[in-house]
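Accompanying notes for the structure given below.
All heavy atoms count here, side chains included; hydrogens, waters and symmetry mates do not. Remember, it's a predicted structure, so these values are computed and weren't measured experimentally.
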Amino acid sequence: MRLHRILLSVPAALIVAGTAFAAPPIYVSQWGGLGSAPGQLRFQYHIATDAVGDVFVADAQNNRIQRFDANGNFILQWGTLGSGNGQFRTPSGVAVDPLGNVYVADQVNHRIQKFTSTGVYITKWGTTGSAPGQFRFPVGVGVDGSSYVYVADNQNHRVQKFDGTGTFITSFGVLGSGAGFMTAPYGVAVDPSGNVYVAESGNNRVQKFSGAGAPLGVLGGPGPGAGPGQFNAPVHVAYDPTGLIVVADRANHRVQRITTGLAFVDQWGTLGSGNTQFNNPVGVAVGSLGCTYVSDNQNHRIVKYCDAAVPTRNTTWGRVKALYR
């Protein structure tokens, strides 16, 4: 089925790479709540959005993936506890490729699984180990515009790169704190130029690499910090089409936005359960209208924020729920 949608134009000031907004985005809505019913969450982890703004959530302790529309309305779910095809043991990472395929970092099963957007199993790869194509707790996954898949291989202290079928291409990173080294990478994102951003929890920093793994810069680290552009156990990153990188700064209980050149832009969040507070934010994603979604782990919810100039109502665009069917 062909997808039809209508998008309002976004002001030019919002699409200049590295734009420094006058203020952090404003609270719009939230959904979730502790539980296992559809739409409820239990210590959910990373999140991702697709081309029309649907939000996919790695609902880690419910061992499933949930899919919502841009306003948090439940659409569908898949997965149960286990090691069979389509089953999970603590799924923690999720990413969507340009064709709508969904990749899940199935952490305790030490593998990546690939599905259609409706949860139909396609393929898997990975076993426990440190050889190329093996994993020790893969916790984050990112996909670029050519459907290359990047995996944050946490306890191997590296990022591995695969094609969309799971064929190993390369890896980069070894244990350490120098440029190009890693300690406990958790999240990975790719910008349109193919540059890779890694949320490196153990070194309290975000590193930037080329698609081939050459180190291009670092922000933060090595020790935890609470100032602008400093981090305390960052665990996820996402590319914002305005040209920014969004960082889940977990132990600082906040979200930061930085430029692709690794310069601080803005931040929001403190410890708590209010609309602009977090308790261990562990996932970030940016939707098709430019709104930012935050996976607020210990508050068991997804929180949506939008910059003031970005349209926020679903009535501004058309959506077909039967995507890619």
- Is it the case that Thr90 and Gln107 place a side-chain donor and acceptor less than 3.5 Å from each other? no
- Query: Given Asn62 and Gln40, is the side chain to side chain contact (heavy atoms under 4.5 Å, CB included) satisfied, shown in steps?
  - Reply: CA-CA 9 Å; Asn62 281 322; Gln40 293 182 317; 5.7 Å; no
- Keeping to residues at least two apart or across chains, list the ring pair (Phe, Tyr, Trp, His ring centres under 6.0 Å) pairs with something in residues 101-124. Trp78-Phe115, Phe88-Phe115, His110-Phe137
- Going only through I, L, V, M, F, W and Y residues with side-chain contacts under 4.5 Å, is there a path from Val294 to Val55? no
- Message: Could you go through Leu34 and Arg42, starting from their C-alpha distance and side-chain angles, then the distance that decides it, and tell me whether this counts as side chain to side chain contact (heavy atoms under 4.5 Å, CB included)?
- Response: CA-CA 5 Å; Leu34 178 61; Arg42 188 178 297 274; 3.9 Å; yes
- Query: Please walk me through it: do Val57 and Val94 pass side chain to side chain contact (heavy atoms under 4.5 Å, CB included)?
  - Reply: CA-CA 7 Å; Val57 180; Val94 60; over 6 Å; no
- Query: Honestly curious: do Phe264 and Leu244 fall in one hydrophobic cluster under the side-chain, below-4.5 Å linking rule?
  - Reply: no
Using residues 178-191 as the side-chain source, report each donor-acceptor pair under 3.5 Å to any protein atom, sequence neighbours left out, with the distance given to one decimal.
residue, atom, partner, partner atom, Å
Thr183, OG1, Gly176, O, 3.1
Thr183, OG1, Asn203, ND2, 3.3
Asp191, OD1, Ser193, N, 2.9
Asp191, OD1, Gly194, N, 3.0
Asp191, OD1, Asn195, N, 2.9
Asp191, OD2, Asn195, ND2, 3.2
Asp191, OD2, Tyr197, OH, 2.7

- Sorted by chain and residue number, the side-chain contact (heavy atoms from CB on, under 4.5 Å) partners of Pro132 (sequence neighbours excluded) come out as Phe168
- Message: Grouping I, L, V, M, F, W and Y whenever their side-chain heavy atoms are under 4.5 Å apart, do Ile26 and Tyr305 come out in a common cluster?
- Response: no
- Under 4.5 Å between side-chain heavy atoms, hopping through other hydrophobics if needed: is there a path connecting Val96 to Leu76? yes
- Which heavy atom in Asp69 sits nearest to a heavy atom in Asp54, and how many Å separate them? CA-OD1, 3.4 Å
- Query: What pair of heavy atoms forms the shortest contact from Gln44 to Val282, and how long is it?
  - Reply: O-CG2, 3.5 Å
- Message: Considering only residues two or more places apart or on different chains, which pairs with a residue in residues 206-251 satisfy ring pair (Phe, Tyr, Trp, His ring centres under 6.0 Å)?
- Response: His46-His236, Phe172-Phe209
- Any His253 side-chain heavy atom under 4.5 Å of Asn280 side chain: yes
- Hey, could you give me the OH/OG distance between Tyr150 and Ser171, rounded to the nearest 0.5 Å? 12.5 Å
- Of all residues at least two apart in sequence or in a different chain, which pass the side-chain hydrogen bond (donor to acceptor under 3.5 Å, both in side chains) check with Gln134? Thr127
- Query: Can you find a heavy atom in the side chain of Asn279 that is under 4.5 Å from one in the side chain of Leu271?
  - Reply: yes
- Query: Are Gln30 and Asn275 close enough that a side-chain donor and a side-chain acceptor fall under 3.5 Å?
  - Reply: yes
- Message: If the condition is side-chain contact (heavy atoms from CB on, under 4.5 Å), which residues does Val286 pass it with, not counting sequence neighbours?
- Response: Asp240, Pro241, Val246, Thr292
- Do Tyr27 and Phe278 share a hydrophobic cluster, counting only Ile, Leu, Val, Met, Phe, Trp and Tyr and linking them when any side-chain heavy atoms are less than 4.5 Å apart? yes
- Arg67 vs Ser117 side-chain heavy atoms within contact, under 4.5 Å: yes
